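Here's the structure we're looking at; comments come further down.
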Number of protein chains: 2
Amino acid sequence: MDAVGIRKVSELTGLSIDTLRWYEREGLLPLVEREPGGRRRYSPAAVRFVRLVQALRRTGMPVQDVRAFVRMGSGVEWHGRRAALLEEHAEAIERHIAQLQRDLTVVRDKIAHHRELAERGLDCEDEIDLAEHGSRAKSPDDSEAGGTGDTTEE
Amino acid sequence: MDAVGIRKVSELTGLSIDTLRWYEREGLLPLVEREPGGRRRYSPAAVRFVRLVQALRRTGMPVQDVRAFVRMGSGVEWHGRRAALLEEHAEAIERHIAQLQRDLTVVRDKIAHHRELAERGLDCEDEIDLAEHGSRAKSPDDSEAGGTGDTTEE
DNA sequence: CTAAGCGCTGGAGTCCACTCCAGCGCAACT
DNA sequence: AGTTGCGCTGGAGTGGACTCCAGCGCTTAG
């Protein structure tokens, strides 16, 4: 058989052995078989399943939700529900990516700003940008930059 | 002067008041002024800074690293270093986004799979996909996809 | 047969990033 | 003047997700 041991799965996925065992205890990996001696044996299907769980976790689905997902059986009556849950999560991932992209431009703007200041050999004074944690008098005002209303996430 | 109080900053950014105070204690927000009574006053620049920190945190930069970033002064000699740090982080964000996109396709593939099974009214058998977390019991010559009753016994 | 390893289990410990008080002071309506 | 309420501080508590044992049992190489 091409079933593999826990060490191999760890190597294949990058999840630690402890994490794999912990996921199983927590009910995220229900289809791991054992060999007579009691050791875990991961069938190719089980390995694929580990990868799905890994994808869900890595994309921010809480362990609790993965468990709930896993626990609804594989029977016909659940396929729709499962698909819906995954779809919901997929949308969450997309929103997350969009947020990261917005944050990325904030960071890149900052980089550009620094590069410019570095070139000109200026401290940032009127633009602020960063603190000097010394005492500082108040700067004259400057206007607001438009912000996207964001809600705390992740 | 259009400086604002902590409540407003909380509303503007979505960060909780406690979090704002905690960030400050932890050295992530060095430029917050106080009014005579001791209350925090956030200048527009300070608010912008909060937004930068928020972007860094939301994109996964550990608090420790944000602090390190913040602590290197705003002097000329540091602009290059700061920019380099940010650049490094920007690349990390890009890698993260790429990973999310890969994981997203994993999830979407799974959705497609479920939709298909749902349409055909099939349980997943030869593809497995999900567990049978029944009692392990005795399966002498159990092999790979040997989907033993994958019915959930809820 | 013995020893070295890997794996197993249950449980404790750790880390991170907040979040939640308790107790107090200023502020400002009425 | 009173009282209602926001804000402040220091510190304790929480939740999530692992990570790290200790102690034991197969398995296998010598």
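Predicted, not measured: the structure shown is a model, and the values here were computed from it. Throughout, a chain's letter reflects where its sequence line sits, starting with A, and its residues are numbered from 1.
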Legend entry - Distance, rounded to the nearest Å, where A/Glu35 contributes CD and C/dG7 contributes P: 10 Å
Legend entry - Out of D/dG7, C/dT19, D/dC21, whichever nucleotide has its closest atom nearest the side chain of B/Asp18: C/dT19
Inset, instruction - Take A/Thr59 and A/His89, measure what side chain to side chain donor-acceptor pair (under 3.5 Å) needs, and give me the verdict at the end. - result: CA-CA 9 Å; A/Thr59 52; A/His89 184 58; 2.8 Å; yes
Inset, instruction - Write down the distance between NZ (B/Lys8) and P (D/dC6), rounded to a whole number of angstrom. - result: 17 Å
Inset, instruction - Examine C/dT19: is either OP1 or OP2 under 4.0 Å from a nitrogen or oxygen in the side chain of B/Ser16? Give yes or no. - result: yes
Inset, instruction - Kindly assign one of parallel, tilted or perpendicular to the pair B/His114 and A/His79, based on the angle between their ring planes and the thresholds 30° and 60°. - result: tilted
Inset, instruction - Look at A/Arg40 together with A/Glu35 and state whether they make a salt bridge at an N to O cut-off of under 4.0 Å. - result: no
Inset, instruction - Would you indicate what B/Arg41 reaches in the nucleic acid, counting non-hydrogen atoms under 4.0 angstrom: base, sugar-phosphate, or nothing? - result: nothing
Legend entry - Length of the CD-C1' vector between B/Glu24 and D/dG7, whole Å: 12 Å
Legend entry - Flag, side chain of A/Arg57 to backbone of A/Val66, donor-acceptor distance under 3.5 Å: no
Legend entry - Any donor-acceptor pair under 3.5 Å from A/Arg51 side chain to A/Leu12 backbone: yes
Inset, instruction - Starting from P on C/dC26, measure out to CZ on B/Arg34 and report it in whole angstrom. - result: 14 Å
Legend entry - Reference residue A/Gln99; test side chain to side chain donor-acceptor pair (under 3.5 Å); the match among A/Gln101, A/His96, A/Arg95, A/Arg102: A/Arg102
Legend entry - Among D/dG7, D/dT19, C/dG7, the nucleotide that comes nearest once only the side chain of A/Ile17 is considered: C/dG7
Inset, instruction - Please check if atom CD in A/Glu88 has more than 12 non-hydrogen atoms from other residues, nucleotides or ligands closer than 6.0 Å. - result: no
Inset, instruction - Nearest whole angstrom, please: distance from the C1' of C/dA17 to the CG of B/Leu20. - result: 14 Å
Legend entry - C/dC18 OP1/OP2 closer than 4.0 Å to side-chain N/O of B/Tyr23: yes
Inset, instruction - Enumerate the residues from residues 54-67 of chain A whose closest heavy atom to DNA chain C is under 4.0 Å, giving them by residue number; use none for an empty result. - result: none
Legend entry - Distance-only side-chain donor-acceptor flag, B/Arg67 / B/Gln64, under 3.5 Å: no
Legend entry - OP1 or OP2 of D/dG7 under 4.0 Å from side-chain N/O of B/Arg21: no
Inset, instruction - Starting at atom CZ of A/Arg7, determine the distance to atom P of D/dT27, rounded to an integer number of angstrom. - result: 17 Å
Legend entry - Atom CZ of B/Arg108 with >12 non-hydrogen neighbours under 6.0 angstrom: yes
Inset, instruction - Nearest whole angstrom, please: distance from the C1' of D/dC18 to the CD of A/Glu26. - result: 10 Å
Inset, instruction - Please report, rounded to the nearest Å, how far the C1' atom of D/dC6 is from the CZ atom of B/Arg40. - result: 13 Å
Inset, instruction - Answer yes or no: is there a donor N or O on one side and an acceptor on the other, between the side chain of B/Gln54 and the main chain of B/Thr13, under 3.5 Å? - result: yes
Between N or O atoms, less than 3.5 Å apart, protein on one side and nucleotides 3-5 of chain D on the other: list the pairs.
none

Legend entry - First encountered from the 5' end of DNA chain D, between B/Ile6 and B/Trp22: B/Ile6
Inset, instruction - Compare side-chain N and O positions of A/Arg25 against OP1 and OP2 of D/dT19 and report whether any pair is under 4.0 Å apart. - result: no
